[in-house]
Student: 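Let me begin by handing over the structure; questions about it come next.
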Amino acid sequence: MNSQLITMNLYGVGDLEFKRNLYVLISCIVVCILFAEGLAEWHYSGFGEGWRLVTSVCGVLGAVGVILLGWYWLKLAWGITSITRELKQERAGAGACPSIKLNGNAVLNELSEAINDRLGNSGSYIAELEKQIKDLQIQIQLSKRQKVNTEAIIYSIRDAVVVIDEFDKLLMANEAAGKLFSFDYKNSQHKPIGELVGPERGGFVDFLRQSRRSGVRHTRREINFSGDGKLKTFDCIVSCVYNPKGWEPKQICGVVAVLHDITREKEKGEMKNDFVSRVSHELKTPLASIAAYSEMLLDGEARDGQTRKEFYSVIQSQTKRLNRLIEDILNTSRIESGLIKVEKKPVSLTILIEEQLQMIKGYADEKNISLSWGDAGGKPIVFDQVYADRDMISQVIVNLLSNAVKYTQPGGSIKVETEVDEIANLARVSVTDTGVGVDEENIEHIFDKFYRAGADKSQAKGTGLGLNLVKQIVEKVHNGRVFVTSQVGVGSTFGFELPLSPEAYLVNSES
Amino acid sequence: MAEGKVLVVDDEVHIIHVVTIKLRNNGFQVISAENGADGFKLACSEKPDIVVTDFQMPVMTGLELVEKLRQSEATKDIPVIMLTARDFAVEDEQKQELQILEFLSKPFSPKELLRSVEDILYHKEIKEQDVKTKITY
């Protein structure tokens with residue numbers, strides 16, 4: 001604010017009131033002189049030459065007075081024009097500060113001073129308003145930025161987020177919510193949530209309303225929606241939003257719903273429960289045989305040596321079966337936790353296969369299943385040493401063989417083939433059975449943990465760990481690869497490839 | 001020495017074997033099947049006095065076998081003992097509805113199984129004698 005007061009120097013510095021009175025006095029004198037002159041003129045003829053002089057002086061004084069008044073009023077008009085021009089310039093925004101400068105007329109100076117005062121006050125007021133506007137603009141900018149940040153945060157959340165007001169109209173939703181409820185999440189503000197989510201998801205809207213009416217800060221419920229062609233389960237947490245602190249009356253101004261897809265977790269939970277149940281069954285089955293045969297031996301029910309020998313043999317085979325199952329469970333856990341001790345060294349696949357075939361022979365004979373093995377194409381195997389953990393690869397082979405026996409009907413056959421690919425530097429083992437086979441839908445999940453093909457559930461018992469363990473050992477521990485081909489009703493081929501032992505390959509090449 | 005024909009249905013051949021020996025040693029005639037479907041066929045053709053079946057089996061589960069037995073006029077009254085490695089696999093209401101008289105959890109005792117078979121057949125015999133007496137009078 002740079003306003004200045006008018007400079008008064010026309011008649012020198014003096015009292016303004018006095019000067020105003022002086023003007024009034026001069027005006028009165030002029031009027032009196034003019035009146036006296038007129039009176040003298042009227043008496044001119046009767047009173048002689050002396051009155052003529054008086055009238056002449058009065059005339060001169062009157063003329064001077066008129067000139068002075070004219071000059072005064074011109075000065076006044078000039079001052080008013082200046083003030084008007086100054087004010088116009090101010091309005092046109094010529095300057096930020098209202099300031100009128102006049103030199104001369106004291107009355108005008110007083111007027112301009114008053115205007116300056118007024119303008120000065122108005123300027124302060126305007127400046128204050130301008131400051132407030134700037135503050136508000138900053139606040140708006142900050143609010144906009146905060147809104148953008150909030151939206152960015154909400155949009156980035158993987159879970160579906162829906163925010164509605166107290167009238168059940170949408171305030172905000174993120175992409176996941178738009179995808180879940182199939183609406184344009186960016187352009188659906190202020191639309192009723194019921195219309196956006198659709199009548200088939202009315203349960204969700206009812207839940208939002210109930211939560212808002214109850215006034216409970218957080219409520220939680222599992223909600224099922226159909227999406228992507230299958231039923232999905234969501235953990236829905238609804239939070240009531242109250243007025244900010246200090247706002248009266250305190251009431252709910254909106255509701256925020258976060259929907260977390262727990263379909264996979266639920267499936268995993270069910271799979272784990274099912275797994276525990278199946279493991280318990282699988283453990284109890286050989287245990288039942290061991291317990292029953294032991295009791296029979298103790299009770300003397302095995303009445304001859306042959307029967308006793310048979311009973312001991314069953315106890316032994318069932319103990320091995322139990323041990324195999326426990327090893328499967330433990331090894332799966334160990335591999336997953338990374339705690340398994342791996343002792344890799346050059347191992348002959350031929351020897352391992354022969355050992356495991358001997359081990360499984362009794363089980364195959366029980367079901368009258370024939371076992372055979374040889375190299376693919378009938379070519380002799382030059383070498384088949386892989387750099388591997390002997391026990392683990394034995395477990396892989398026995399798991400594949402026992403699976404083949406398990407899923408092959410009595411009278412069927414199982415063929416084991418080995419192949420060495422010197423170009424790719426790997427050994428391949430495949431186990432082909434004439435079992436029930438696996439359909440296309442199930443085959444892609446056949447190596448998944450706890451997974452058992454739909455048909456398998458009625459075909460044979462199992463934990464769903466065996467093939468997963470094969471995959472873990474071959475691929476995670478030995479950098480190999482598992483494979484499967486199958487045809488329902490014809491049979492399946494399960495197998496694996498392992499890199500050949502580098503040392504063995506070197507020795508073989510030299511020889 | 002007890003008498004009677006027992007049908008044993010289990011996919012574990014060792015269990016069939018041990019139960020067969022236990023029951024045969026105690027005077028029962030034993031027939032067996034390795035799955036529910038074969039078990040049902042045998043039950044229809046052989047009309048056993050009692051069925052001892054496993055719960056989880058390929059092709060047809062033990063529960064499905066009992067349901068089929070109850071649906072057929074020829075087999076609907078045959079008492080059933082179920083062997084199961086899974087606890088609480090069957091609800092109490094279902095047990096009553098299917099008239100499963102005994103559940104034995106695996107590992108089970110062959111002696112206990114024999115006792116259950118003898119008890120059930122004894123009560124069955126008394127019941128049949130009562131019916132015959134009533135008809136005579």
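Below, chains carry the letters A, B, ... as their sequence lines are ordered, and counting in each starts from 1.
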Student: Any side-chain to backbone donor/acceptor pair from A/E295 onto B/K111? Under 3.5 Å, distance only.
Tutor: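 Side chain of A/E295 to backbone of B/K111, a donor-acceptor pair under 3.5 Å: yes, one is there.
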Student: Which atom names give the shortest non-hydrogen contact between A/K284 and B/K106, and what distance separates them?
Tutor: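 What the structure gives for the nearest pair is CD-O, 3.1 Å.
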Student: Step through the shown structure and confirm whether more than 12 heavy atoms of other residues, nucleotides or ligands are within 6.0 Å of NZ on B/K5.
Tutor: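 Yes, because the 6.0 Å sphere around NZ of B/K5 holds more than 12 heavy atoms from other groups.
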Student: A/S289 and B/V18: side chain to side chain contact (heavy atoms under 4.5 Å, CB included), yes or no, with the steps?
Tutor: CA-CA 8 Å; A/S289 293; B/V18 78; over 6 Å; no
Student: Look up atom CG in B/N25 and atom CZ in A/R303, then write down how far apart they are to the nearest 0.5 Å.
Tutor: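 Answer rounded to 0.5 Å: 3.5 Å.
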Student: What are the two closest heavy atoms between B/I21 and A/E301, and how far apart are they?
Tutor: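 Looking at all heavy atoms of both residues, the shortest contact is CG2-O, 4.2 Å.
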Student: Less than 4.5 Å apart, any side-chain heavy atom of B/P107 and any of A/I290?
Tutor: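 Not in contact.
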Student: Drop me the distance from B/H17's NE2 to A/M296's CE, to the nearest 0.5 angstrom.
Tutor: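 Spacing of NE2 (B/H17) from CE (A/M296) equals 8.0 Å.
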Student: Nearest 0.5 Å, please: how far is CG in B/D11 from OG1 in A/T285?
Tutor: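 Going from OG1 on A/T285 over to CG on B/D11, the span is 7.5 Å.
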Student: Answer yes or no: are there more than 12 heavy-atom neighbours, outside A/F483 itself, under 6.0 Å from its atom CZ?
Tutor: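 For A/F483, atom CZ is crowded (more than 12 foreign heavy atoms under 6.0 Å).
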Student: List the atom of B/H14, the atom of A/Y293, and the distance in Å for their closest heavy-atom pair.
Tutor: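 It is O-OH, 2.6 Å.
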